Amino acid sequence: VQLQASGGGLVQRGGSLTLSCVASGRIASIDAMGWYRQAPGKERELVAAISQLGTTDYADSVRGRFTISRDNAKDTVYLQMNSLKPDDTAIYYCTASRRFTGWPPSRYAYWGQGTQVTVSS
């Protein structure tokens, strides 16, 4: 499975960005998909996740501002980010769990390359 993320960039405080991640390869082996982020000097944290059936989970820090969605026909997961803050600055990684891992996933097996999101104050 390969995950290709895109959509990062530089935005001002209060602005919006949408990240996309397209999966390819053995798509049938994918269960949940999600986004992690890692800021300089901080541990990687789960931002949002979505199951195959559309159940979602969010970090408290982004709930109400970010929306994760999934288009199974296009093998794509999106992260709509609104009301962005400087604290949201990080590298965002697309991820997916293996089928039958369950919900919420105990681990994510597949990772894409990161995409940088920078929020200026």
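These numbers were taken from a predicted model, which means no experiment stands behind them.
- Considering every non-hydrogen atom in both Leu17 and Gly8, the closest pair reads CD1-C, 4.5 Å.
- For the atom pair OG (Ser6) and CG (Leu19), the distance works out to 8.0 Å, reported to the nearest 0.5 Å.
- Cluster membership check: Tyr78 does not share its hydrophobic cluster with Leu3, using side-chain heavy-atom separations under 4.5 Å among Ile, Leu, Val, Met, Phe, Trp and Tyr.
- The environment of Arg63 atom CZ is dense: over 12 non-hydrogen atoms of other residues, nucleotides or ligands sit within 6.0 angstrom.
- For the atom pair CZ of Arg65 and OG of Ser83, the computed distance is 7.0 Å after rounding to the nearest 0.5 Å.
- Each ring-ring contact (aromatic ring centres under 6.0 Å, His included) pair with one or both residues in residues 14-73, not counting sequence neighbours, appears once here: Tyr36-Tyr108, Tyr36-Trp111.
- Nearest heavy-atom pair, Ala48 versus Leu79, reported as atom, atom and distance to 0.1 Å: CB-CD1, 4.1 Å.
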List the steps, then state whether side-chain contact (heavy atoms from CB on, under 4.5 Å) holds for Val117 with Met81. CA-CA 10 Å; Val117 172; Met81 304 184 293; 3.9 Å; yes

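- A donor-acceptor contact shorter than 3.5 Å is absent between the side chain of Thr101 and the backbone of Pro105.
- Remark: side-chain polar atoms of Ser97 are paired, donor with acceptor, to backbone N or O of Ala32 under 3.5 angstrom.
- Under the 4.0 Å criterion applied to side-chain N and carboxylate O atoms, Lys85 and Asp88 are not assigned as salt-bridge partners.
- The hydrophobic cluster containing Leu46 does not contain Ile30, counting ILVMFWY residues as joined when their side-chain heavy atoms lie under 4.5 angstrom apart, directly or transitively.
- Legend: residues meeting side-chain contact (heavy atoms from CB on, under 4.5 Å) with Pro86, ordered by chain and number and at least two apart, are Arg13, Val119, Ser121.
- Of the N and O atoms on the side chains of Asn82 and Ser16, at least one donor lies less than 3.5 Å from an acceptor on the other residue.
- Between Thr18 atom OG1 and Gln80 atom CD the span is 3.0 Å, to the nearest 0.5 Å.
- The closest side-chain heavy-atom distance from Thr115 to Ile91 is not below 4.5 Å.
- Looking at Asn72, its side chain does come within 3.5 Å of a backbone N or O of Gln52 through a donor-acceptor pair.
- Heavy atoms of other residues, nucleotides or ligands lying less than 6.0 angstrom from CZ of Arg44 number more than 12.
- Screening Ile68, Asp75, Val77, Thr76 for a side-chain contact (heavy atoms from CB on, under 4.5 Å) with Met33, the sole residue that qualifies is Val77.
- Arg98 and Asp31 make their closest contact through O-CB, 3.4 Å (heavy atoms, listed as atom of the first residue, atom of the second, distance).
- Tyr93 does not carry Arg37 over the face of its six-membered ring by the limits of under 6.0 Å from the centre and within 45° of the normal.
- Across all their heavy atoms, Ser29 and Arg26 have their closest contact at OG-O, 2.6 Å.
- No side-chain N or O of Ser120 forms a donor-acceptor pair with one of Gln12 less than 3.5 Å apart.
- In terms of modelled atom types and a separation under 3.5 Å, the side chain of Thr95 and the main chain of Tyr110 share a donor-acceptor contact.
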When you look at Asp57 and Trp103, which way does the side-chain contact (heavy atoms from CB on, under 4.5 Å) test go after all the steps? CA-CA 10 Å; Asp57 188 26; Trp103 179 264; 3.8 Å; yes

